[in-house]
**Student:** 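Take a look at this one; I'll ask things after.
Residue numbers start from 1 in every chain, and the chains themselves are labelled A, B, ... in the order their sequence lines are given, proteins ahead of strands.
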Protein chains: 2
Amino acid sequence: MKNRLKVLRAERDWTQAQLASALEVSRQTINAIEKGKFDPSLPLAFKAARLFNLTIEDIFDDEVETT
Amino acid sequence: MKNRLKVLRAERDWTQAQLASALEVSRQTINAIEKGKFDPSLPLAFKAARLFNLTIEDIFDDEVETT
DNA sequence: CAATAAAGTCAAGTGAACTTTACAAAAAAT
DNA sequence: ATTTTTTGTAAAGTTCACTTGACTTTATTG
């Protein structure tokens with residue numbers, strides 16, 4: 001699943017560690033999500049949406065790649 | 001996490017089994033989510049939103065209960 | 001260049017999302 | 001009232017979200 005976390009972080013000049021702290025998860029979790037290694041849980045997606053004042057759909061993109 | 005699945009099902013006169021089939025999960029998964037036993041994964045939440053033509057936020061409610 | 005901070009990654013562990021199988025309880029239909 | 005459908009629930013197993021700890025690689029900065 002694609003996501004805009006890296007851009008949203010950059011806009012605020014936040015490190016992965018700072019975002020992790022704001023979302024109360026580990027830095028490795030943020031890194032893994034940004035790198036697409038796994039999807040966040042729904043509660044974590046909600047928490048990120050609240051943090052950035054956006055909808056989940058604004059941040060995460062579930063669409064399937066067209067070949 | 002609260003959700004409107006039961007109502008959305010009722011509006012369409014669908015059984016849990018029918019919704020499960022549409023979302024490609026087991027009937028027990030739908031039952032457990034409706035009963036609040038666990039939260040859906042983010043991909044499943046997206047799939048439900050697409051199915052009902054709603055946003056994730058329209059269907060699922062992450063807000064904390066005020067005591 | 002050297003030092004430090006940030007990002008990337010790996011391994012091992014825990015817990016939760018989801019499965020199948022199975023059965024009981026409740027609701028609907030005949 | 002009996003049958004059939006739907007819902008609820010439980011146990012056991014698999015996979016994945018997430019953790020901690022440790023280490024390497026890439027940026028940043030003095």
**Student:** Please step through salt bridge (charged side-chain N to carboxylate O under 4.0 Å, His left out) for the pair B:R50 and A:D62, ending with a clear verdict.
**Tutor:** CA-CA 10 Å; B:R50 279 196 301 269; A:D62 190 41; 2.9 Å; yes
**Student:** Go through the structure and list residues passing side chain to side chain contact (heavy atoms under 4.5 Å, CB included) with B:S26, not counting sequence neighbours.
**Tutor:**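 Partners of B:S26 by the side chain to side chain contact (heavy atoms under 4.5 Å, CB included) criterion, ordered by chain and then number, come out as B:Q28, B:T29.
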**Student:** Can you name the closest pair of heavy atoms from A:L8 and A:R12 and give their distance?
**Tutor:**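 Taking every non-hydrogen atom into account, O-NH1, 3.0 Å.
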**Student:** Taking all atoms of both residues into account, what is the closest heavy-atom pair of A:N3 and A:I33, and its distance?
**Tutor:**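 Closest approach of A:N3 to A:I33: ND2-O, 3.0 Å.
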**Student:** Identify the two heavy atoms, one from A:D13 and one from A:Q18, that lie closest to each other, and give their separation to 0.1 Å.
**Tutor:**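 Looking at all heavy atoms of both residues, the shortest contact is O-OE1, 3.8 Å.
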**Student:** Is there a side-chain contact between A:R4 and A:F52, using heavy atoms and a 4.5 Å cut-off?
**Tutor:**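 With C-beta onward as the side chain, the pair stays apart.
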**Student:** So where does chain B start and stop touching DNA chain C, 5' to 3', when the test is distance under 4.0 Å to a non-hydrogen atom?
**Tutor:**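 Under 4.0 Å from chain B, the extent on DNA chain C is C:dA17 to C:dA22.
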**Student:** Check for me, please, whether B:V7 and B:L5 land in the same ILVMFWY cluster - side-chain distances under 4.5 Å, paths through other members count.
**Tutor:**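 No, it is not one cluster - the side chains of B:V7 and B:L5 are not joined through contacts under 4.5 Å.
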**Student:** How would nucleotides 14-30 of chain D be written as a contact map, 5' to 3', with B for base contact, S for sugar-phosphate-only contact and - for no contact, using protein heavy atoms under 4.0 Å?
**Tutor:** ---SBBBBB--------
**Student:** Can you name the closest pair of heavy atoms from B:I56 and B:A45 and give their distance?
**Tutor:**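 Residues B:I56 and B:A45, closest heavy atoms: CG1-O, 3.8 Å.
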**Student:** Using side-chain hydrogen bond (donor to acceptor under 3.5 Å, both in side chains) as the criterion, list what pairs up with B:T15, not counting sequence neighbours.
**Tutor:**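 Residues passing side-chain hydrogen bond (donor to acceptor under 3.5 Å, both in side chains) with B:T15: none at all.
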**Student:** Can you give me the bend angle of the helix from C:dC1-D:dG30 to C:dT30-D:dA1? Use the axis through the first five pairs and the one through the last five, nearest 10 degrees.
**Tutor:**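 Inter-axis angle at the ends, rounded: 50°.
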**Student:** Could you work out, with side-chain hydrogen bond (donor to acceptor under 3.5 Å, both in side chains) as the rule, every residue matching B:N31, not counting sequence neighbours?
**Tutor:**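 Applying side-chain hydrogen bond (donor to acceptor under 3.5 Å, both in side chains) to B:N31 gives B:Q16.
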